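The structure appears right after this line, and notes come after that.
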Amino acid sequence: MAVIRFLRQFALLLGVAWLLVPVVLARSHRQLQIYFIDVEGGQSTLIVTSQKQSLLIDAGFAGERDADRIVRAAKAAGIKQIDYVLITHYYGDHVGGVTDLLKKIKVGTFVDHGENQEDSDATKKHYANYVAAIAHFPRVVLRPSQGVPLKGLTLQVLAAAGDHITDPLPGAGEANIYCASEKQPPDDTSENSRSLGVLITYGRFRFLDLGDLTEQKALELVCPNNLIGNADLYLATHHGGYPDNPRALVWALHPRVVVINNGPRKGGNPQAWQIIHDSPDLEDVWQLHYALDSDKQHNSAEAFIANVDDKSDGHYVKVEASSDGRFRVTNSRNGIERNYGK
Ligand SMILES: [Zn+2]
């Protein structure tokens with residue numbers, strides 16, 4: 001009898017195990033992955049869809065270091081090529097890494113905001129290098145409201161080359177109560193202000209990446225009416241700079257998680273950090289580096305920082321999102337992860 005009972009329980013266990021397998025597979029299959037790669041104060045963000053299509057937003061600085069880190073993230077995500085590389089703007093910490101990247105991994109199409117309009121030697125040189133590097137690749141210039149055809153998610157351009165959307169996104173457009181306390185920002189015609197800013201929507205999950213969009217253009221997107229709506233995940237614009245992350249922008253987005261792609265001594269401004277930290281509904285701020293020029297009160301706890309000292313360079317922050325809006329953030333340095341519900 002004991003043998004029969006054992007066999008029956010064993011069969012029951014097997015049955016339960018088989019039931020669990022498809023659930024686990026289904027969960028991992030429908031995940032969107034986002035890697036915030038450490039390029040020491042530039043940007044490089046790798047997005048991989050549940051169907052293994054990929055988009056890289058910016059390529060970091062010139063040199064092997066950042067290209068190697070991007071390739072490492074691509075391997076971790078299980079992809080051998082990058083389908084789209086989107087360049088937000090033509091400063092060296094965003095476009096500089098394109099030439100080295102192309103030596104290390106296959107790329108499909110380049111996406112950007114069009115001709116460089118900044119009359120500075122450095123930017124003209126970065127742009128010329130970029131154009132030469134991608135001469136034999138398909139190139140698409142995007143304007144506000146346009147997007148990139150990725151299956152299963154929507155990428156919509158909100159700002160490009162100094163222009164921005166003028167109609168609110170579906171469900172957005174409410175008057176923004178935080179605009180009244182913002183001062184009139186100075187005119188900005190820098191290349192930062194021409195950044196390609198995008199909203200990525202995956203089911204109920206919304207991720208906002210504005211590149212290095214600066215105060216004036218950032219405010220135009222949310223004042224007097226918030227044209228964007230909410231964002232579950234917000235990559236702090238301009239590496240967490242101030243005044244480029246004004247209250248009327250950050251608080252109106254109601255982000256649950258903010259990632260700051262700062263370097264050890266770039267971005268991660270204490271005033272911007274405080275605005276982000278105090279944002280209604282905010283649960284956590286994750287940083288790519290401990291901001292050495294700030295202080296302990298204006299840095300997150302070490303668990304939420306990918307690189308805390310000179311010995312820990314190159315760790316990334318990873319986000320895995322489900323289409324129901326839930327997502328998980330992992331620190332590749334210590335494996336610490338947090339789950340965010342809907
Ligand atoms: Zn930058």
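As the structure lists them, so they are numbered: ligands from 1, and atoms in each ligand from 1. Given the structure is predicted, the values throughout are model-derived calculations rather than measurements.
Taking the six-membered ring where tryptophan is involved, the planes of Phe110 and Phe137 are perpendicular, since the angle between them exceeds 60° and thus also 30°. The aromatic rings of Trp273 and His298 stand perpendicular to each other, their planes meeting at an angle above 60°, with 30° marking the opposite boundary.
Closest approach between the Zn ion (ligand 1) and any N/O/S atom of Asp212 involves OD2. For Asp93, the N, O or S atom with the smallest separation from the Zn ion (ligand 1) is OD2.
By the 6.0 Å contact criterion, NZ on Lys104 is enclosed, its count of non-hydrogen atoms from other residues, nucleotides or ligands being greater than 12.
Remark: at the Zn ion (ligand 1), atom NE2 from His94 and atom NE2 from His239 enclose 110°, rounded to the nearest 10 degrees.
At a cut-off of 3.5 Å, with distance as the only test, a side-chain donor of Ser322 or Gln31 sits close to an acceptor on the other residue.
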